[in-house]
Every structure is written in C-alpha cells, then in structure tokens.
Amino acid sequence: MSRDHLGQANHTAIHAIHRHYRAIRREQHLAWHATPRGVLPRLRSVLGWSFRPTFNAIRWYFSESTKHHRGRDILRGILFSARFRVHPSGYDQYYLQKNWNRRAEYVYDDEFMCILGFLNWALAPEDSKDMYDKRRFYKRGLAHGLAVIPIIAEFEGGDVLSQPDNDDYFSEDLFSKPCNLSMGRGASLWRFSNGSYRSGEFCFDLRGLKEHLAKLSLSYPIALQPRIYNHRDVQPISGEALSTIRIVTIKRPSGTFEVAGGVFRMGVEGSVADNFNLGGVAAPIDLQSGVLGFGVRKGDPTRRWVKHPDTNTSIQGFVLPHWDAAKTLALKAHAAFSTMPSVGWDIAITPSGLILVEGNAMWGADIIQLAYDKPLAETAISECLAHHLAVARAVMPGGPVVSRSVV
C-alpha cells in the first residue's frame with residue numbers, strides 16, 4: 001500500500017472510530033434509561049445525552065484546578081468535549097492549543113476504553129476474560145509455552161487458595177498484586193531480609209505476610225510472585241522498579257498479527273512499578289532498530305526527557321537489547337489469544353532472558369500517542385480498530401449496558 005493510500009485509509013478510519021464511539025455511547029445511554037415513560041423523563045434523557053459533555057466541561061473549566069486557562073482555550077475545550085464526548089482534559093493532554101486543526105486525528109481516553117471494551121466483549125469474550133485475571137493469564141501462558149512470571153501463592157476471599165509445599169520459594173523478595181486491577185493499583189514489593197518481609201510501614205514474617213495478603217483478598221484476589229529484576233544492560237535507565245517494554249500488537253483483517261507500536265516504560269524513584277499513569281517515563285521504540293527516542297511523562301506531556309530523571313543516563317539513542325526477540329514473543333502471545341483485535345503486552349528484559357509480565361486487553365492509547373508525539377491516525381492501529389468495529393457492530397450494535405457515563 002502506498003504512503004498516500006495508507007494516509008487516506010487512516011484518515012477515513014479515525015473518523016469511523018469517532019463515529020462508532022458516539023453510536024455505542026448513545027445506544028448504551030438509551031439502554032440505561034430503557035425508554036423512560038412520560039414526557040419529562042424522556043425530555044430529561046434527551047437533554048442529558050445532548051448536553052452532558054458540555055455541562056461537565058463547563059463545570060471542569062471553572063473548578064479551582066483549571067482557572068488558569070485562557071478564554072479561548074476554555075471555549076475550545078468546551079467545544080472539543082461536546083464534539084467528541086470526552087473529558088476536556090484531553091485538550092491539554094494532546095496540546096490542542098497548538099494542534100487544534102489535528103484534534104480529530106487523536107483517539108481520546110474515554111473513546112479508547114469504550115471501544116476496546118466493546119470489541120473485547122463482542123469479538124473476544126473468552127480471551128479477554130483470561131487476560132483480565134492474572135491467574136488465568138498465567139495458566140493460559142503456560143499452556144502455550146510462553147515465558148510468564150510464576151504465581152507462587154493465591155489469596156481470595158480471606159483464604160490462601162494455593163501455595164507451594166516448600167517454603168524455600170519464599171526466601172527472596174516478593175511482589176504482590178491484585179489479580180483483576182490495572183495501572184499498578186494495589187501492587188507491593190516485599191523486601192526479604194533475615195526472615196522478614198518489608199513494604200513501606202509493614203513488616204511481617206512469612207505467616208504474617210500470608211495473613212496480611214489473605215485479609216487484603218477480602219476486597220480483591222491477590223497473586224504473590226517472585227520479584228523480577230531488570231537485566232544489567234537496562235538498569236541505567238530503569239530506576240529501581242521493574243521496567244517493561246509495552247508492545248502493541250494488532251490483528252489484521254486477514255487474521256495475521258503485527259507489531260504496531262512499542263515503548264519502553266521506566267520507573268522513577270519511590271515507585272514499585274513502571275506504570276505510565278503513576279509517574280513513570282515512557283520512550284518510543286523504533287520498530288526496526290529498537291532504538292529509544294526521548295522520554296515523556298503523562299503529567300507533563302510537553303516536556304521531553306533526554307536522560308532518566310533519577311540516573312541521569314541518556315534515554316534518547318539507547319538501544320534495547322533483545323528487541324527482535326521481544327517482538328517475536330509479543331506476536332506469539334497474540335496468537336495464543338487470537339480472537340483479540342489488539343493487545344498491549346508488557347515484556348521484561350531480565351538476567352535470564354525475556355519474560356511476559358502481562359497482557360493488557362485495555363491498553364491506553366495515550367502512552368503511544370504521547371511517546372511517539374503523533375496521533376493514532378498516523379499508525380496502523382486506527383485502520384485495524386475501524387475494521388473490527390465495523391464487524392462487531394454489524395453483529396452487536398450497542399454492546400453491554402454499562403453504568404451511567406459522564407460523556
């Protein structure tokens with residue numbers, strides 16, 4: 001396909017994504033309200049659908065945290081929110097003050113989460129269930145011969161569901177995380193020393209640690225894993241937390257799988273994870289060479305990091321080791337979850353080789369768009385998602401009924 005043809009196809013695709021998103025939201029809104037009886041309830045439903053984004057944007061712009069915006073930007077932000085039915089913060093996140101004419105080329109967080117949720121529900125219900133739960137993901141990975149982080153103990157409902165017979169497995173640093181939460185929420189690093197495990201203000205022996213995790217599992221299931229370390233070649237730009245390669249793969253209309261984007265995620269001081277939403281640094285990866293570009297942080301997307309903020313080691317120009325093998329692992333993993341339209345894979349480079357940390361059925365478009373400093377319309381991802389949306393909506397137009405949305 002020629003460059004001009006590809007550009008035209010992606011331009012058409014991105015507008016189709018916006019259109020499908022609004023249609024899905026509208027159908028979910030109608031399903032939520034379930035055809036209210038009476039003139040006033042129906043009028044309230046119509047007005048809610050028509051004006052809620054505008055109302056929420058106005059309220060947001062006149063909150064204490066956003067009073068510094070100029071009048072033109074407030075007006076544009078309100079128009080932006082009403083046009084795309086997304087949170088007005090996207091106006092600042094993608095610096096639309098300077099990129100206003102390109103606003104339709106981006107896919108925003110509200111849109112992307114809705115779209116991926118709909119696609120996974122419609123096209124990949126079983127694969128996405130196995131990916132959402134870290135325990136099921138681990139078992140699926142083992143079954144397909146993927147290098148995955150072992151789970152040495154599971155906790156749920158206040159009980160220890162499984163653990164090894166030999167406590168020697170516990171004589172090292174450990175990492176606990178919820179089985180069904182994302183973005184690093186609830187994750188803890190447990191440092192082992194002299195028979196005790198420390199994490200922040202907590203200090204337990206082995207029995208106390210198990211009791212603590214069992215208590216936490218009353219809220220959500222917990223997986224306990226050995227701590228995985230960064231390979232020495234990437235330690236200078238990794239910080240203390242485990243750093244991972246986020247590789248985005250897509251399923252083409254032909255059924256083949258393709259690497260469509262990749263970033264290297266780096267932790268910063270004080271963090272136990274490299275998550276982009278928790279202040280981590282992400283740098284784009286040249287898909288052919290594995291060379292990193294400038295780093296970026298979500299909280300300040302206009303600033304580019306030439307060097308890691310903690311280690312002062314150059315990020316830009318750093319060559320990732322084992323890049324080709326990482327791409328191969330991501331494609332093999334997607335083949336194991338073959339019904340999914342797109343997945344964000346987290347792969348760690350460890351002293352013993354590559355290991356698949358997890359797959360993200362709901363990966364964020366922001367990390368790709370901000371790190372590469374270009375909208376999704378300039379990637380193959382947009383055409384892929386537009387195709388799958390057309391297929392899914394032909395079969396299941398509205399998607400599942402969700403809780404009342406702010407957009």
Side-chain angles (χ1 to χ4, degrees), residues 93 149 173 175 177 182-189 191 199 225-249 259-287 289-327 329-330 343-360 363-374:
Q93 184 178 31
I149 301 178
D173 288 356
F175 197 82
K177 56 185 178 181
S182 59
M183 298 188 292
R185 290 175 294 179
S188 297
L189 171 62
R191 302 177 188 278
S199 179
Q225 299 176 310
R227 181 184 182 183
I228 304 300
Y229 294 87
N230 295 305
H231 191 282
R232 63 185 180 186
D233 290 346
V234 298
Q235 285 178 359
I237 61 168
S238 293
E240 186 178 6
L242 179 66
S243 291
T244 57
I245 308 170
R246 166 65 61 83
I247 297 182
V248 174
T249 57
V259 173
V263 298
F264 187 61
R265 308 190 309 169
M266 297 155 272
V268 294
E269 184 178 4
S271 63
V272 299
D274 60 356
N275 196 275
F276 192 55
N277 291 288
L278 299 179
V281 180
I285 306 171
D286 182 275
L287 297 186
S289 65
V291 175
L292 301 186
F294 297 112
V296 66
R297 301 176 79 171
K298 187 171 183 177
D300 188 7
T302 61
R303 180 177 180 179
R304 292 293 180 258
W305 294 84
V306 179
K307 298 181 178 181
H308 191 279
D310 298 331
T311 67
N312 207 36
T313 302
S314 293
I315 297 172
Q316 199 271 337
F318 187 94
V319 182
L320 279 182
H322 309 300
W323 170 240
D324 287 337
K327 291 190 290 184
L329 176 57
V343 182
W345 305 100
D346 293 339
I347 297 173
I349 308 173
T350 77
S352 57
L354 297 175
I355 192 164
L356 185 61
V357 178
E358 63 183 3
N360 297 273
W363 60 273
D366 55 351
I367 195 171
I368 294 294
Q369 294 182 130
L370 292 175
Y372 281 96
D373 195 22
K374 64 182 182 181

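Along the sequence shown, residues are numbered consecutively beginning with 1. When reading the values below, keep in mind they use all heavy atoms of this one structure, side chains included, and skip hydrogens, waters and symmetry mates.
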S.K.: For S188, does its backbone N or O pair with a side-chain atom of S199 as donor and acceptor, under 3.5 Å?
M.R.: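 Side chain of S199 to backbone of S188, a donor-acceptor pair under 3.5 Å: no, none is there.
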
S.K.: Show, in sequence, the C-alpha distance, side-chain angles and deciding distance for Q225 and K177, and conclude whether the side-chain contact (heavy atoms from CB on, under 4.5 Å) test is met.
M.R.: CA-CA 8 Å; Q225 299 176 310; K177 56 185 178 181; 3.1 Å; yes

S.K.: Could you state the interatomic distance from CD1 (I285) to NZ (K327), rounded to the nearest 0.5 Å?
M.R.: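 Result: 10.0 Å between the selected atoms.
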
S.K.: For the CD atom of Q316 and the CZ atom of R304, what is their distance to the nearest 0.5 Å?
M.R.: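 That separation rounds to 12.0 Å.
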
S.K.: Got E358 and T244 here, is their nearest side-chain heavy-atom distance under 4.5 Å?
M.R.: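 Side chain of E358 against side chain of T244, heavy atoms only: no contact under 4.5 Å found.
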
S.K.: How long is the straight-line distance from CZ of R227 back to CD1 of I149, given to the nearest 0.5 Å?
M.R.: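 The CZ atom of R227 is 12.0 Å from CD1 of I149, to the nearest 0.5 Å.
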
S.K.: Is there a side-chain contact between T302 and D300, using heavy atoms and a 4.5 Å cut-off?
M.R.: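 Yes, their side chains come closer than 4.5 Å.
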
S.K.: Tell me the closest heavy-atom pair linking V357 and A348, and the distance in Å.
M.R.: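 V357 and A348 have their closest heavy atoms at CG2-CB, 3.8 Å.
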
S.K.: So which atom in I347 and which in A326 form the shortest heavy-atom distance, rounded to 0.1 Å?
M.R.: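 Distance-wise, the nearest heavy atoms are CD1-O, 3.5 Å.
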
S.K.: Quick check: closest heavy atoms across T350 and H231, and the distance to 0.1 Å?
M.R.: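 For T350 versus H231, the nearest heavy atoms are O-CD2, 3.2 Å.
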
S.K.: Report yes if some heavy atom in the side chain of K307 is under 4.5 Å from a heavy atom in the side chain of S314; otherwise report no.
M.R.: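 Yes; the side chains approach each other to less than 4.5 Å.
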
S.K.: First locate atom CG of D346, then atom CZ of R246, and finally report the distance between them rounded to the nearest 0.5 Å.
M.R.: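 D346 CG to R246 CZ: 4.0 Å, rounded to 0.5 Å.
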
S.K.: Are any non-hydrogen side-chain atoms of V263 and Y372 less than 4.5 angstrom apart?
M.R.: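 Yes. Closest side-chain heavy atoms under 4.5 Å.
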
S.K.: Distance check, rounded to the nearest 0.5 Å: W305 atom CH2 versus M266 atom CE?
M.R.: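 Spacing of CH2 (W305) from CE (M266) equals 11.0 Å.
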
S.K.: Do the non-hydrogen side-chain atoms of I315 and F294 ever get within less than 4.5 Å of each other?
M.R.: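 They are not in contact (no side-chain heavy atoms under 4.5 Å apart), so the answer is no.
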
S.K.: To the nearest 0.5 Å, what is the distance between CG on D373 and CD1 on I368?
M.R.: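 Reported value, rounded in 0.5 Å steps: 13.0 Å.
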
S.K.: List the atom of P301, the atom of L370, and the distance in Å for their closest heavy-atom pair.
M.R.: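 Shortest heavy-atom contact: CB-CD2, 3.8 Å.
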
S.K.: Does N230 reach the main-chain N or O of S243 with its side chain, forming a donor-acceptor pair under 3.5 Å?
M.R.: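 At least one qualifying donor-acceptor pair exists.
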
S.K.: Locate the shortest heavy-atom distance separating A371 from V296; write the atom from each residue and the value.
M.R.: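 Where A371 meets V296 most closely, the heavy atoms are CA-CG1, 3.7 Å.
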
S.K.: Are L329 and W345 packed together at the side-chain level, in the sense that at least one heavy-atom pair is separated by less than 4.5 angstrom?
M.R.: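 No - every pair of side-chain heavy atoms lies 4.5 Å or more apart.
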
S.K.: Quick one: are F264 and S238 in side-chain contact, heavy atoms under 4.5 Å?
M.R.: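 Yes, their side chains come closer than 4.5 Å.
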
S.K.: Taking T313 for its side chain and H308 for its backbone only, find out whether a donor-acceptor pair lies under 3.5 Å.
M.R.: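 No, the answer is negative, given that no donor and acceptor are paired below the 3.5 Å cut-off.
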
S.K.: Is any side-chain heavy atom of W323 closer than 4.5 Å to a side-chain heavy atom of I349?
M.R.: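 No, side chains not in contact.
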
S.K.: Do you know which two heavy atoms are closest between V291 and V319, and how far apart they sit?
M.R.: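 Between these two residues, the closest heavy atoms are CG2-CG2, 3.9 Å.
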
S.K.: For D233, give me all partners under salt bridge (charged side-chain N to carboxylate O under 4.0 Å, His left out), at least two apart in sequence or on another chain.
M.R.: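 Once residues adjacent in sequence are excluded, D233 has no partner under the salt bridge (charged side-chain N to carboxylate O under 4.0 Å, His left out) criterion.
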
